[in-house]
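Each remark here refers to the structure printed beneath this line.
Along the sequence shown, residues carry numbers from 1.
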Amino acid sequence: MHAVDDVSLEIEEGTIFGLIGPNGAGKTTLVNLVTGYIRPQSGSIQLQSSPPLAGEGSFRAVELARRPPHAVAGLGVARTFQTLRLYRNLTAIENVLAGMHLRRRDDTLQQLIPVPTFLKEDRRRLQQARELLERVGLPPERFGERRAATLSYGDQRRLEVARALALNPHLLILDEPAAGMNPAEKDRVRALIQQLNQDGLTVLLIDHDMRLVMGVCRHIAVLNFGRKIADGPPATVSQDPAVITAYLGTQAQKTAAHVPGSEEMDVATTSTPASIEPASPLLEVRDLQVSYGAIQAVRGVSFGVAKGEIVALIGANGAGKSTILNSLSGVLRPHSGGARFGDLDLTTAPPDRIVSQGLVQVPEGREILARLTVRENLELGAWARRNGRTAHRDIDGLMKQFPILGQRRDLPAGQLSGGEQQILAIARGLLAQPKLLLLDEPSLGLAPQMVDTVFDVIKKIHNDGVTILLVEQNALRALEIADRAYVVETGRILLSGTGAALRRNPEVQKAYLGG
């Protein structure tokens, strides 16, 4: 099977070109071929040189195929990644400065002799980095000195765009730039892409949000199983029967544009009652406060989860949802407050003990080990289990339950599509035999059809008796399956209620849209 099979595309200079298709269609593989991360077995990839190459008097086509990534970048092709590739322990400013490396001369002398001329160049680059942060919507006075790991997922996406722009590219390839963002944030991404294009930049956009792609692209190509199945203007592509069959799932009409509160109001739910807290919670959180240095990310949050429930935490990016989950799983230590899982104090217990007691987190971004095979990733999920025989039996059972994992068992996990990686991450979590499963953004960056698959998996896990605490940017889908939910805004719980009631509450829409 070919990951990319006889695909031909032509991107006109100065345009925004869209590349779409279901998960596993070959979109990111194609980008990896263009940018030198994978060598093609055949075919040609040509870039119109702009400006002309050294020694050339006119523009000409440059062959990119089989050039290493740094050489492709040096020719003016910058990219972002489907899975974030930031320097998590560096500040936002430092990440952008790192993107300027191909524009810098050898600075050995500068390091040895810090004379004013060299320091002036440093100040110029620092100012450029600050301007790029401002350009992507990250004011440097607020975000510049923060470590990348402390930024919300949406802000990390913007930071990755700023770092790509630091290369001063002629072609910018954006791989899922709006993944995990709510509609208001996607509108800002849309405005940024359009402004970059107006400034003369050619953009290749890959995203599952059809509203975004159809709204900004002049021309769109659609891939499925490695082959191009459609190519043309947005209006033509959107009506193509092959595209509709391949790309849209059964819940396709429920896109991120349809947010809670947009449904017809029910008189009975006009005033959403507060969620009834469980009398004997499996998980109890009280007055939890978490800070990143001087920044308070979670402010006195209290809630409970009863055995057998699905409880959702929803809200805008940066609201503190993932921080709450990371505190419960022992990855972060809260500043104050309490969290108990049965008799276990989650504020002091180490992560390995938390897992061994049955509280298991499937993290945002999947965090699979890309170089290990699918089966090796699953085996690591059972590391704490003493009975190896039953663990291997359960691994075989999961590969039958999720046939795609069985088919891919000997492949490096990094070669799976985003949806397949998400199913692998969930299966790995199940091997720890959770009593309470924390799911952080399980539908992040997935096509509608794969979103359906993932939510079907979640419902099956719940029907099998696993209690679930779900953080999900697709609030409407989360509220459809949740028994109860909490709306988080700027680190606080703003609203709570049943999933059905919150789905029709216009106050939820305000929080979900970021105000």
Side-chain angles (χ1 to χ4, degrees), residues 149-156 180 182 274-275 277-278 281-293 295-306 309-342 344-351 354-355 357-365 367 425 429 434-444 458 467-475 478-479 482-497 499 502 508 511-512 514:
T150 70
L151 301 180
S152 72
Y153 187 85
D155 289 340
Q156 289 186 44
N182 64 41
S275 175
E277 297 294 328
L282 177 64
L283 171 71
E284 183 176 23
V285 179
R286 287 289 173 263
D287 298 320
L288 193 71
Q289 300 196 45
V290 186
S291 299
Y292 296 109
I295 299 169
Q296 193 168 2
V298 177
R299 306 163 181 260
V301 164
S302 298
F303 66 92
V305 178
E309 285 190 305
I310 297 181
V311 174
L313 299 178
I314 64 171
N317 270 318
K321 308 182 300 298
S322 293
T323 300
I324 292 170
L325 294 196
N326 288 335
S327 299
L328 299 179
S329 59
V331 176
L332 293 174
R333 290 300 179 199
H335 177 70
S336 63
R340 298 197 69 83
F341 178 62
L344 185 64
D345 184 351
L346 299 177
T347 65
T348 58
I354 292 173
V355 171
Q357 292 297 306
L359 191 152
V360 178
Q361 180 175 358
V362 177
E364 179 182 74
E367 300 293 345
K435 298 173 185 174
L436 173 60
L437 187 65
L438 311 183
L439 295 175
D440 197 352
E441 301 286 4
S443 75
L444 183 67
I458 294 170
T467 305
I468 295 173
L469 178 58
L470 171 67
V471 163
E472 176 57 55
Q473 184 62 227
N474 191 331
L479 293 177
D483 298 299
R484 297 183 302 110
Y486 299 87
V487 182
V488 184
E489 184 180 46
T490 59
R492 295 186 175 90
I493 289 180
L494 181 69
L495 296 166
S496 63
L502 288 174
V508 181
Y512 178 66

Would you say [X] and [Y] make side-chain contact, with heavy atoms under 4.5 Å?
X      : Y      : answer
Gln289 : Pro334 : no
Glu309 : Asp483 : yes
Asp287 : Ser302 : yes
Glu284 : Pro278 : no
Gln156 : Leu151 : yes

Which of these, [options], sits in a side chain to side chain contact (heavy atoms under 4.5 Å, CB included) with [X]?
X      : options                        : value
Tyr486 : Val311, Leu495, Leu502         : Val311
Leu438 : Leu313, Ile468, Val305, Leu359 : Leu359
Leu325 : Leu332, Val362, Asp440, Leu470 : Asp440

(request) Ignoring hydrogens and angles, tell me if any N or O in the side chain of Glu277 forms a donor-acceptor pair with the backbone of Gly304 under 3.5 Å. (result) yes
(request) Evaluate the side chain to side chain contact (heavy atoms under 4.5 Å, CB included) criterion for residues Thr347 and Arg333: first the C-alpha distance (whole Å), next the side-chain angles of each, then the deciding distance (0.1 Å), finally the verdict. (result) CA-CA 6 Å; Thr347 65; Arg333 290 300 179 199; 5.5 Å; no
Could you tell me which non-hydrogen atom of [X] sits nearest to which non-hydrogen atom of [Y], and how far apart they are?
X      : Y      : result
Leu328 : Leu283 : CD1-CD2, 3.8 Å
Leu479 : Ala485 : CD2-CB, 3.4 Å
Val298 : Gly320 : CG2-O, 3.9 Å
Ala475 : Ile314 : CB-CD1, 4.0 Å
Gly491 : Val301 : O-CG2, 3.3 Å
Ile458 : Pro442 : CD1-CG, 3.9 Å

Hey, what do you get for [atom1] ([X]) to [atom2] ([Y]), rounding to the nearest 0.5 Å?
X      : Y      : atom1 : atom2 : result
Leu439 : Glu364 : CG    : CD    : 12.5 Å
Phe303 : Arg286 : CZ    : CZ    : 9.5 Å
His335 : Ser327 : NE2   : OG    : 12.5 Å
Glu489 : Lys321 : CD    : NZ    : 11.0 Å

(request) Name all residues meeting the side-chain contact (heavy atoms from CB on, under 4.5 Å) criterion together with Arg340; count only those two or more places apart in sequence or in a different chain, and write none if there are none. (result)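 Result, side-chain contact (heavy atoms from CB on, under 4.5 Å) vs Arg340: Asp345.
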(message) Ignoring hydrogens and geometry beyond distance, is a side-chain donor-acceptor pair present between Thr323 and Asn326 at under 3.5 Å?
(response) no
